[in-house]
Amino acid sequence: FREFKDKNINILEIGAFKGNASASFFFYFKNASIYSFDIFPDLFCYNSSRNKNYYIDNSSEKEIEKKIMSNDFYYDIIIEDAGHYYKDQIITLFKTFSKINSNGLYVVEELDFPDTRKDMNIHNQHPTLKEILTSIIDKRDFSSSLISNEEKKFFLENYKSIEILKGRVNEICFIRKK
């Protein structure tokens, strides 16, 4: 995130919970406006003029359309750290990727949850987001009933790089937009 540290940027955080990450963004990104969304916005513990907190159910395509896609607002960083469910990870990335400014970052936390936790993918559906991103990295085609042809085409034409990293326990993914 160093390249963004002192710039006037917009950060979209999907899955804010109590706001701990938002608070760290506030102090690290001194000039950032932070837009935090969560299914339980009343649990959010921090308040500032640079951080706005909103309700969203990111398992609902209608909610994503209404709360994020329907405005002319764009972000330099989008961090998806919400429910981590099979469907949620896929629709959130492919619906919101167009809202990232050029050279911006999209971050998926706990990318591996639908592959490693049965409660995040109770019907064992495939391909998971990790499988889709791995296919893209390996230059293989993929299909998913959760991704429209237009969303797939836009993503493939506009991503610059995909990096999947393994932390001590879970995986995180950084997607750079062209």
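Not measured: the values here are computed from a predicted model.
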Please check if [X] and [Y] belong to a single hydrophobic cluster, counting links between Ile, Leu, Val, Met, Phe, Trp and Tyr side chain heavy atoms closer than 4.5 Å.
X      : Y      : result
Ile175 : Leu129 : yes
Leu111 : Tyr85  : no
Phe113 : Tyr86  : no
Tyr46  : Leu43  : no
Val108 : Ile147 : yes

Would you check if [X] and [Y] make a side-chain contact, meaning some heavy-atom pair closer than 4.5 Å?
X      : Y      : result
Thr96  : Met69  : yes
Phe37  : Ile64  : no
Phe142 : Lys152 : yes
Lys87  : Leu146 : yes

Atom pair [atom1]/[atom2] of [X] and [Y] - distance to nearest 0.5 Å:
X      : Y      : atom1 : atom2 : result
Lys52  : Leu12  : NZ    : CG    : 14.5 Å
Asn31  : Lys7   : CG    : NZ    : 11.5 Å
Asp112 : Ile164 : CG    : CD1   : 9.5 Å
Asn10  : Tyr74  : CG    : OH    : 12.5 Å
Ile14  : Ile39  : CD1   : CD1   : 13.0 Å
Ser143 : Ile132 : OG    : CD1   : 8.5 Å

If hydrophobic residues (ILVMFWY) are linked whenever their side-chain heavy atoms come closer than 4.5 Å, directly or via other members, who joins Tyr28 in its cluster?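 In the cluster with Tyr28 are Phe1, Phe4, Ile9, Ile11, Phe25, Phe26, Phe27, Phe29, Ile34, Ile77, Ile79, Leu105, Val107, Leu165, Ile172, Phe174.
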Testing the 3.5 Å rule here: is there a donor-acceptor pair between the side chains of Ser22 and Glu13?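 Note: Ser22 and Glu13 side chains meet the donor-acceptor criterion.
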Lys166 atom NZ: more than 12 heavy-atom contacts under 6.0 Å: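 Enclosed: over 12 neighbouring heavy atoms sit under 6.0 Å from NZ of Lys166.
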More than 12 heavy atoms of other groups within 6.0 Å of Asp42 CG: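 Correct, the count exceeds 12.
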With sequence neighbours excluded, give me every salt bridge (Lys or Arg N to Asp or Glu O under 4.0 Å) pair touching residues 168-178.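 For residues 168-178, and leaving out neighbouring residues, the salt bridge (Lys or Arg N to Asp or Glu O under 4.0 Å) pairs sorted by first residue read Glu3-Arg176, Lys130-Glu171.
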Testing the basics here: between Ile90 and Thr128, what is the closest heavy-atom pair and its distance to 0.1 Å?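 Shortest heavy-atom contact: CD1-C, 4.2 Å.
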Between Tyr35 and Lys67, is there a cation-pi geometry (under 6.0 Å to ring centre, at most 45° from the normal)?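 Geometry flag: not set, cation outside 6.0 Å or 45°.
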Sort out for me which residue in Phe94, Phe97, Tyr159 forms a side-chain contact (heavy atoms from CB on, under 4.5 Å) with Phe154.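 Of all the options given, the one that passes is Phe97.
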